[in-house]
Amino acid sequence: MNKHAILQARGISKHFYTPVKFKVLDQISFDAYKGEFLTLVGKSGCGKSTLLYCLSTMDTAYEGELFIADQQITGQKPNDLAALRNERIGFIFQFHYLLPEFTCIKNIMIPALKLGRFSKAEIEEKAYQKLTLLGLGDQALKPASKLSGGQQQRVAIARAMINNPDIIMCDEPTGNLDSRNAGIVFDMFKQIAHDFGQTVIVVTHDNDFASASDRTIELEDGRIIQVRSN
Amino acid sequence: MKPGINYDIAITHIVTRKKQTMVAALGVTLGVAVYLFMNSLSAGFSGFSRGEIFKNNAHIKVYKADEISTPLAQDAHAESVILNPQITTLSQRLINPEMLLKEIKQQPFITHAITQVDVSAFYNRGNTQIKGTASGVNMDDYAAMFNTEKYMVAGSISALRGNLNGTIIGAGIAEKLNLSVDDNIAVSSSYAVTKVLRIVGIFSTGNSLTDNSKSYINTATAQQFLKEGPSYVTTIYANTPDPDKAAAYAEKLQAVVPYIVEDWKTTNADIVAGDKTRGTLMGAISLSILFVAAFGIYNILSETINQKINDIAILKAVGFKGRDVIQIFVAESIIMGCIGTILGLGLGAILISIMSGIYMGGPVGYFPIKFELHLFIRSLFLGILITCCAGFFPAKKAANVDPVSIFRK
Ligand SMILES: Nc1ncnc2c1ncn2[C@@H]1O[C@H](COP(=O)(O)OP(=O)(O)OP(=O)(O)O)[C@@H](O)[C@H]1O
Ligand SMILES: [Mg+2]
């Protein structure tokens, strides 16, 4: 495997101050490599989501340093971070979040339209391909609010992939899926990482899922307690 | 492409919430309609009352000021000597009025100028006596300046030309003294000069004060009433191309005229002040109504943003910047504002046309309200500006949404 670090976390710590001050992340340092399928595991409340928000550049209130694609992220302006997210990071939230008034296909297209790299027709074509890949080709023109939870989650996955980002981050992406669909998603992540060279970082509870990834980082009380290559 | 997608999202929000859009737009519609209507009313009134003024007032008046005697003893060391100050002007007469009139007429900014000699007069018939003013003028010039032709109800203006024994009287005088054209009327002045004049015309301006007291005679006749010679003139009236700039023109004229030059706004300060008060009042009321409408937009947009806070968080997460979010929501409020404003202009126009068809009677006639293009433009501009501002503040709030805090909920 090509061991080029696409994301580097250096001593990331974070505190919450309400209701009482406590350290939710404590000196987290690790690299994520290009084309790697990485999982984050740990007990509920150990800080997995919090870490992922920091890595996603949406949360900037932490100590330590973060680099993505050799660029220092820590300290950049919100607008620059937004542009960086648009281009380089796809995010799938713990609870599926789509824009309910828009059709599935439009939801997928929005980040690409924002990026403006391709024409609308090209973007639509790509979005349709991704949807078909996830088994939702026939739902393309349905409003997002009329889909089941699992279907919405798959649309969110397609949206995260539309700009071919360097990194895709997922918080419990299979939480709402049956084992068959979870398997589809899982295979897909693997394919994305290994065939397209994108990095996938997934937070999960599912141990089977985690052990099938390339590498697993285990957190406990905001600290890395184990890094395991599978 | 960037503003394209923002605009796209704004449109989708608008069409998927038609009801809220319409409620917000209707608020603006009412606000703009009332604003337009009230300001048109106010403008109509002002136009009407100004028209009344210019029926027999010129834009500029030239006359001689009273001079007050100054203390004779002005010694820096001595006590100041208190004398009894008195008006020392012996005569209100303008020196060489013909020359002066000619000079005034030569000014490029003077459209008309006339001399006028006013006489306090009593109109008598039998035992009935009416007090009034007989104005000694060159009637042809006067009529050209004040459109008197329009108000003639009997006889003619030209009949007074060179007729030293003729007069044109107000309709009120004719009615009270039961006189008509070709009747004689006895007119006496405060200098105990009485003349029997032949009525050659009757006018009615609709202003009862004028119609009940005013008459026109030739300048020479007026001078005879005052026991003065043919060069006796006290006042010169002049008109300019634009009554609103009368003050500036008066100042220019002052440079060449050694007497007091007064513009009509000074002479009619009370009416002008009344107009201004009414205009300000109407403007303030209508503007506050517009503000209430804008507040409606503010409210609805704030509510939309609260409901859409998840969507905003997603947009920011996938790479929309703060200014994109502002653009989306300001675009929504501008769309609502435009719909509302355009409907409002239509509703305002309907109100104006209904109002202008209402007959008020008397000298007013139909209600003095008109379609004023500049008011339509101003309403359009204000309607959109205000909704734009009303949209900006909630949009700014939306732009500052922290997506992480939303996703954690
Ligand atoms: N806004 C906040 N203010 C204070 N404490 C918070 C806040 N958000 C999260 N926490 C706390 O931080 C800790 C880590 O939360 P986090 O959401 O990262 O857990 P997690 O590992 O993702 O758990 P789960 O598997 O249940 O999703 C928890 O103890 C939580 O109670
Ligand atoms: Mg979590």
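All chains are named by letter (A, B, ...) in the order of the sequence lines, taking the proteins before the strands, and each is independently numbered beginning at 1.
- Heavy atoms of other residues, nucleotides or ligands lying less than 6.0 angstrom from OH of Y249(B) number more than 12.
- Among T50(A), D80(A), I89(A), D171(A), the residue with the largest count of heavy-atom pairs under 4.5 Å with chain B is T50(A).
- Counting heavy atoms from C-beta outward, V318(B) and K114(A) have side chains that stay 4.5 Å or more apart.
- Counted within 6.0 Å of CZ on R223(A), heavy atoms from surrounding residues, nucleotides or ligands total 12 or fewer; the atom is thus considered open.
- Heavy-atom neighbours of F371(B) CZ from other residues, nucleotides or ligands within 6.0 Å: above the threshold of 12.
- Around the CZ atom of F16(A), the shell of radius 6.0 Å holds more than 12 heavy atoms that belong to other residues, nucleotides or ligands.
- Of the inter-residue distances, the one linking K106(A) atom NZ with T12(B) atom OG1 reads 5.5 Å to the nearest 0.5 angstrom.
- Shown here for G322(B) and N79(A), the closest heavy-atom pair between the two residues is N-OD1, 3.7 Å.
- Within the model, atoms CG of D324(B) and CG of N86(A) stand 9.0 Å from one another, a figure rounded to the nearest 0.5 Å.
- Contacts between I406(B) and chain A at a heavy-atom distance below 4.5 Å involve the backbone alone (N, CA, C, O).
- The nearest pair of heavy atoms linking E101(A) to T16(B) is CG-OG1, 3.3 Å.
- Side chains of I5(B) and M109(A) form no contact here, defined as non-hydrogen atoms less than 4.5 Å apart.
- Rounding to the nearest 0.5 angstrom, the gap separating the CZ atom in F102(A) from the NE2 atom in H13(B) is 5.0 Å.
- Between the side chain of R85(A) and the main chain of K316(B), a donor-acceptor pair closer than 3.5 Å is present.
- Counting non-hydrogen atoms of neighbouring residues, nucleotides and ligands closer than 6.0 angstrom, the NZ atom of K23(A) exceeds 12 such neighbours.
- With a 4.5 Å cut-off on non-hydrogen atoms, Y53(A) touches chain B through its side chain but not through its backbone.
- When all heavy atoms of M58(A) and A317(B) are compared, the closest pair comes out as SD-CB, 3.4 Å.
- Taking a 6.0 Å sphere around CD of E251(B), one finds it holds 12 or fewer heavy atoms contributed by other residues, nucleotides or ligands.
- Ranked by heavy-atom pairs under 4.5 Å with chain A, the list D311(B), I9(B), N310(B), L315(B) is led by D311(B).
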